[in-house]
Amino acid sequence: ALRDQAMPREIETTVTHLEMRARPHIRSSMPHGKLALIRAETPPVHFYRYLYNTIGHAYFWVNRHVMDDQALLKIIHHDQVHILVLHVNGVPAGFAELDLRKQTAPDLAFLGLMAEFQGQGLGRFLLNAVIETAWMRHPEKLTVQTCTLDHPRALRLYQRNGFTPVRQSHVTLTVPDDF
């Protein structure tokens, strides 16, 4: 007998595209705790998926979820893609993915924190570290995008730290059955 298969869900979202065209003057206080920000060079795909899925599930991060391992490894093992993992008191608390393949316009592809580490100033700390890393290469601009499905404070965080919205688009996101 054929089993009924559930249809993927579709969710509407508004994507805000932001740019930073000048290096900001960062005034960041150090959050409490023992912090380490470590670049994960050629991370195993299971470790990347752990970070991506644990952080992104609540925000419908599905793009990398549906990507096969080989396609994902091609991205995350590229020497110009930096996966920065924030550790607090020895455990992963969040990560950022900075795509430096377009040297004049690097992109902050992902930034997020585990739920239990939100609200402690760690997001701003991580974002500022990524901004500094990008501007050390003297780009023309740094880009990022966020959407209405992301954390409610994401857009404000980006704007408070020097990003300016340049356009919006409406997207229909297909959420797979196994999400």
Side-chain angles (χ1 to χ4, degrees), residues 1-20 40 42-78 80-88 91-102 105-127 130 142-161 163-179:
L2 291 176
R3 198 176 104 184
D4 289 333
Q5 292 185 3
M7 296 298 291
R9 297 173 284 168
E10 290 189 341
I11 299 175
E12 300 292 322
T13 186
T14 301
V15 178
T16 302
H17 304 264
L18 302 102
E19 293 180 352
M20 179 185 289
T42 63
V45 72
H46 69 84
F47 180 67
Y48 180 88
R49 287 193 189 281
Y50 161 74
L51 296 170
Y52 181 89
N53 292 331
T54 303
I55 293 167
H57 189 269
Y59 308 111
F60 294 94
W61 290 5
V62 297
N63 296 347
R64 301 283 173 84
H65 178 79
V66 298
M67 191 177 282
D68 71 67
D69 287 355
Q70 289 307 313
L72 181 57
L73 284 171
K74 188 174 179 180
I75 295 169
I76 67 173
H77 284 184
H78 193 285
Q80 293 300 308
V81 174
H82 292 205
I83 310 298
L84 303 168
V85 183
L86 176 63
H87 294 79
V88 176
V91 298
F95 89 106
E97 181 177 324
L98 180 60
D99 187 344
L100 297 161
R101 290 177 287 183
K102 286 192 227 170
D107 182 61
L108 174 50
F110 295 99
L111 182 133
L113 295 173
M114 305 285 182
E116 52 272 87
F117 292 99
Q118 294 175 1
Q120 301 174 37
L122 295 167
R124 186 171 192 176
F125 173 79
L126 179 57
L127 176 58
V130 172
L142 174 60
T143 63
V144 68
Q145 56 182 284
T146 188
C147 74
T148 52
L149 298 172
D150 283 339
H151 192 283
R153 293 190 303 254
L155 178 59
R156 188 169 63 232
L157 175 68
Y158 292 131
Q159 289 178 295
R160 284 183 32 218
N161 286 279
F163 286 94
T164 303
V166 292
R167 75 181 194 286
Q168 286 188 322
S169 58
H170 300 285
V171 174
T172 302
L173 189 66
T174 301
V175 181
D177 291 338
D178 67 344
F179 190 78

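The first residue of the sequence shown is numbered 1, and numbering continues consecutively from there.
Listed by chain and number, the residues in a side-chain contact (heavy atoms from CB on, under 4.5 Å) with Val66 are Pro176 (sequence neighbours excluded). Legend: residues meeting side-chain contact (heavy atoms from CB on, under 4.5 Å) with Thr16, ordered by chain and number and at least two apart, are Leu18, Thr146, Leu155, Pro165, Gln168.
Annotation: the span from Leu122 atom CG to Leu127 atom CG amounts to 12.5 Å, rounded to 0.5 Å. Between the CG atom of Asp68 and the CG atom of Leu73 there is a distance of 9.0 Å, given to the nearest 0.5 Å. For the atom pair NE2 (His46) and CZ (Arg49), the distance works out to 11.5 Å, reported to the nearest 0.5 Å. To the nearest 0.5 Å, the span separating CZ on Arg64 from CD1 on Ile76 amounts to 8.0 Å. Separation of atoms CZ (Phe47) and CZ (Phe95) is listed at 9.5 Å; rounding is to 0.5 Å. Rounded to the nearest 0.5 Å, atoms CG (Leu113) and CZ (Arg124) are 14.0 Å apart.
Shortest non-hydrogen contact noted between Gln120 and Glu116 is NE2-O, 3.1 Å. Across every non-hydrogen atom of Gly94 and Leu126, the tightest pair is C-CD2, 4.4 Å. Contact record, Tyr52 with Val62: OH-N, 3.6 Å, taken as the closest heavy-atom pair. For the pair Val85 and Ala40, the tightest heavy-atom approach, listed with the atom from each and the gap, is CG2-CB, 4.0 Å. Across all non-hydrogen atoms, the minimal contact from Ala154 to Asp150 is CB-CB, 4.2 Å. Looking at every heavy atom in both residues, Ala96 comes nearest to Leu108 through CB-CD1, 4.2 Å.
At least one side-chain heavy atom of Pro92 sits less than 4.5 Å from a side-chain heavy atom of Leu51. Side-chain contact between Phe110 and Ile83 is absent, with no heavy atoms from C-beta onward closer than 4.5 Å. Two residues are said to be in side-chain contact when any heavy atoms from C-beta on lie closer than 4.5 Å; Ile75 and Asp99 fail this criterion. At a threshold of 4.5 Å between non-hydrogen side-chain atoms, the residues Glu97 and Tyr48 count as touching. Contact annotation: the side chain of Arg9 approaches that of Phe60 to within less than 4.5 Å [non-hydrogen atoms, C-beta and beyond]. His82 places none of its side-chain heavy atoms less than 4.5 Å from the side chain of Val130. At a threshold of 4.5 Å between non-hydrogen side-chain atoms, the residues Phe125 and Val88 do not count as touching. Between Ile55 and Met114, the closest side-chain pair of non-hydrogen atoms falls below 4.5 Å.
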- Query: Are Phe117 and Leu86 close enough, and set up right, to give a side-chain contact (heavy atoms from CB on, under 4.5 Å), and what steps lead you there?
  - Reply: CA-CA 10 Å; Phe117 292 99; Leu86 176 63; over 6 Å; no
- Message: Run Thr143 and Glu19 through side chain to side chain donor-acceptor pair (under 3.5 Å) and show every step you take.
- Response: CA-CA 4 Å; Thr143 63; Glu19 293 180 352; over 6 Å; no
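If you check the side chains of His65 and Asp178, you find a donor sitting under 3.5 Å from an acceptor. Donor-acceptor pairing under 3.5 Å is lacking for the side chains of Asn53 and Trp61.
In this structure a side-chain-to-backbone donor-acceptor pair under 3.5 Å is missing from His17 to Val144.
More than 12 non-hydrogen atoms from other residues, nucleotides or ligands lie less than 6.0 angstrom from CZ of Arg101.
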